[in-house]
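Quick notes on the structure that follows.
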Amino acid sequence: MDQYRTSGVMNEDTLRQFKKYLLPPRSKWLALLFIALFCGTAALNFVGGNTVLVVISIAAALVFVVEIPLLKRKLLQNNIARLRESYPDGSCRYESFFTVDGIHIHNLSNGGETLLRYEHFARAAEAEGVFFIISKTQQFFLVFKDCLTPEQQKSFLPFLKEKCPKLKIMR
């Protein structure tokens with residue numbers, strides 16, 4: 001079984017397509033929880049007439065509102081910096097294919113090879129030209145759509161979901 005064989009180039013433009021998916025969902029939910037908590041505290045203190053705690057609570061909520069986009073930006077910058085650090089031209093060419101065990105990734109830029117098993121996949125997303133798959137430890141790889149037939153493109157995410165029942169498909 002050698003399915004969904006693709007090859008392509010990962011670069012800054014490709015990474016920018018997935019900026020919103022780089023931050024783990026739990027981080028987003030935790031920030032939203034704190035925003036709600038501090039807004040609730042501000043409302044209660046407003047009703048109670050404590051202006052100082054209202055201002056402090058609103059300031060704390062604003063910190064968490066600003067934190068989410070800043071974290072996404074920082075994660076993107078770190079990934080771009082790693083790409084440039086490892087590859088002077090800022091791009092990495094690799095091929096990948098799925099087997100019974102997982103995905104085999106062959107880095108054509110430096111000759112490295114790895115196998116990432118299905119049980120380590122956590123989330124997947126789809127963009128215009130690629131599928132983005134991220135592992136539980138925040139490693140990610142791309143499956144390039146231009147190497148797949150239209151039928152393969154339609155069946156790819158259901159295939160992943162079958163192999164990884166706990167996989168979350170991000171929209």
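Since the structure is predicted, the reported quantities are computational estimates derived from the model, not experimental observations.
Of all the heavy atoms in S91 and V9, the pair that sits closest is CB-CG1, 3.5 Å. Pairing each heavy atom of F46 with each of V54, the nearest pair is N-CG2, 3.2 Å. M10 and L15 get closest at one heavy-atom pair: SD-CD2, 3.9 Å.
No side-chain heavy atom of V130 sits under 4.5 Å from any side-chain heavy atom of F132. Contact of the H104 side chain with the S96 side chain is not registered, since no non-hydrogen atoms from C-beta on lie closer than 4.5 Å. Between R117 and L115, the closest side-chain pair of non-hydrogen atoms falls below 4.5 Å.
Taking CG of L83 as the reference point, atom CG of D89 lies at 8.0 Å (rounded to 0.5 Å). For the atom pair K19 NZ and K72 NZ, the distance stands at 8.0 Å (nearest 0.5 Å). Taking CG from L22 and CG from L75, the interatomic distance works out to 6.0 Å, rounded to the nearest 0.5 Å.
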Decide side-chain hydrogen bond (donor to acceptor under 3.5 Å, both in side chains) for N107 and Y87; before the verdict, give the C-alpha distance in whole Å, the side-chain angles of both, and the deciding distance to 0.1 Å. CA-CA 12 Å; N107 186 324; Y87 309 99; 2.5 Å; yes

With side-chain hydrogen bond (donor to acceptor under 3.5 Å, both in side chains) as the criterion, how do T99 and D101 come out once you've worked through the C-alpha distance, each side chain's angles and the decisive distance to 0.1 Å? CA-CA 5 Å; T99 65; D101 299 324; 4.6 Å; no

As a quick check of understanding, evaluate side-chain hydrogen bond (donor to acceptor under 3.5 Å, both in side chains) for Q138 and R123, giving each step before the final call. CA-CA 9 Å; Q138 305 306 309; R123 297 175 282 143; 3.0 Å; yes

Please evaluate residues F140 and F121 with respect to the criterion ring-ring contact (aromatic ring centres under 6.0 Å, His included), reporting the C-alpha separation (whole Å), side-chain torsions for both, the decisive distance (0.1 Å), and the verdict. CA-CA 9 Å; F140 62 88; F121 295 4; over 10 Å; no

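Between E126 and K145 a salt bridge is recorded (basic side-chain N to carboxylate O distance below 4.0 Å). Between R84 and E12 there is a salt bridge, since at least one side-chain N of the basic residue sits less than 4.0 Å from a carboxylate O of the acidic one.
Note: F64 and F34 have parallel aromatic rings, judged against thresholds of 30 and 60 degrees for the angle between ring planes. Using bins of under 30°, 30° to 60° and over 60° for the plane-to-plane angle, the ring pair F159/Y118 lands in the perpendicular bin. The aromatic rings of F98 and F141 sit tilted, their planes meeting at an angle between 30° and 60°.
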